[in-house]
Amino acid sequence: GQQVMQIPQYQHVQEGEDFTTYCNSSTTLSNIQWYKQRPGGHPVFLIQLVKSGEVKKQKRLTFQFGEAKKNSSLHITATQTTDVGTYFCAGLGDYGQNFVFGPGTRLSVLP
Amino acid sequence: NAGVTQTPKFQVLKTGQSMTLQCAQDMNHNSMYWYRQDPGMGLRLIYYSASEGTTDKGEVPNGYNVSRLNKREFSLRLESAAPSQTSVYFCASSEYPPRRGDSPLHFGNGTRLTVT
């Protein structure tokens with residue numbers, strides 16, 4: 001079945017540094033969603049990407065969908081302590097019925 | 001607007017005991033889901049209900065049953081709990097099933113279950 005991987009598993013950055021997490025699917029995707037989960041919290045929807053090569057920005061966050069629609073990335077510019085949490089991608093395969101979540105990237109930001 | 005409400009927040013069971021996790025949403029969403037979250041494994045879909053009156057298995061359905069009681073409520077039952085079912089369980093809802101288009105998942109606060 002479809003598998004979704006994310007790298008890195010953990011990332012520790014100094015406040016103000018940039019951060020990127022990468023998401024890779026074993027199959028092509030109809031669309032991909034990104035979620036953020038704060039420590040002790042629940043996943044919260046950030047964004048959905050649908051088109052090949054699509055780039056979307058939310059303030060300091062930049063999301064990209066690969067040309068082949070098998071990978072995606074989330075880049076945070078100048079991290080802040082409020083960015084701490086685990087970032088999950090979730091991919092909907094071309095023939096899938098539901099999103100498959102990646103294992104997540106846990107981000108720590110040192111002040 | 002409470003969104004998605006799950007009960008209980010915490011539960012400890014002994015092996016072989018049964019319990020039901022409750023979930024209700026007040027957003028008039030059509031689709032509801034149950035996920036489990038284990039360290040390093042992301043969220044895995046247990047069961048889902050694309051619309052009122054339907055339920056289907058997800059990735060990891062063994063040991064669980066579900067009931068879509070009405071449009072608002074979707075419960076998850078563990079008939080005979082096992083230590084492997086120790087996990088954090090999240091209920092989620094979306095306006096439409098994923099294939100319908102732009103329909104984000106809204107998650108409840110989770111239930112932390114320990115089976116000893």
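Per chain, numbering begins at 1; letters A, B, ... match sequence-line order. Please read all numbers here as calculations on a predicted model, not as lab measurements. All values below were derived from every heavy atom in this structure, side-chain atoms included, with hydrogens, water molecules and symmetry-related copies excluded.
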Hey, which of B:Asp102, B:Val88, B:Leu43, B:Asn109 has the most heavy atom pairs under 4.5 Å with chain A?
B:Leu43
Counting heavy-atom pairs under 4.5 angstrom with chain B, the leader among A:Arg106, A:His42, A:Gln37, A:Gln48 is A:His42
Please state whether the side chain, the backbone, both or neither of A:Tyr95 comes within less than 4.5 Å of a heavy atom of chain B.
backbone
Residue part contacting chain A, namely of B:Pro104, when any heavy atom lies under 4.5 Å:
both
Heavy-atom contact with chain B under 4.5 Å, split by part of A:Gln6
neither
Look at the side-chain heavy atoms of Ile, Leu, Val, Met, Phe, Trp and Tyr, link any pair under 4.5 Å apart, and say whether A:Phe63 and A:Ile32 land in one connected group.
yes
Should A:Gln97 and B:Tyr48 count as side-chain neighbours, where that means a heavy-atom distance under 4.5 Å?
yes
Smallest heavy-atom separation, A:Asn98 atom then B:Pro98 atom, equals OD1-CG, 3.8 Å
Donor-acceptor check, side chain of B:Arg99 to backbone of A:Asp94, threshold 3.5 angstrom: yes or no?
yes
Mark yes when over 12 heavy atoms from residues, nucleotides or ligands other than B:Arg72 sit less than 6.0 Å from its CZ; otherwise mark no.
yes
hydrophobic_cluster_shared for B:Val115 and B:Tyr64, side chain cutoff 4.5 Å:
yes
State, with a plain yes or no, whether a side-chain heavy atom of A:Pro43 is found less than 4.5 Å away from one of B:Leu105.
no
Under a single-linkage definition using a 4.5 Å side-chain heavy-atom cutoff for Ile, Leu, Val, Met, Phe, Trp and Tyr, are B:Leu76 and B:Val60 assigned to the same hydrophobic cluster?
yes
Which heavy atom in B:Gly40 sits nearest to a heavy atom in A:Pro103, and how many Å separate them?
O-CB, 3.5 Å
Determine, using the 4.5 Å side-chain heavy-atom cutoff (strictly less than), whether B:Leu21 and B:Val66 are members of one ILVMFWY cluster.
yes
To the closest 0.5 Å, what do you measure between OH (B:Tyr35) and CZ (A:Phe101)?
4.5 Å
For atom CZ of A:Phe45, is the number of surrounding heavy atoms from other residues, nucleotides or ligands below 6.0 Å larger than 12?
yes
Please check if atom CZ in A:Arg38 has more than 12 non-hydrogen atoms from other residues, nucleotides or ligands closer than 6.0 Å.
no
Could you tell me whether A:Met5 atom CE has more than 12 heavy atoms of other residues or ligands within 6.0 Å of it?
no
Residue part contacting chain A, namely of B:Leu45, when any heavy atom lies under 4.5 Å:
side chain
From CZ (A:Phe99) to OG (B:Ser94), nearest 0.5 Å:
8.5 Å
Within a radius of less than 6.0 Å around CD of A:Gln3, do more than 12 heavy atoms belonging to other residues, nucleotides or ligands occur?
no
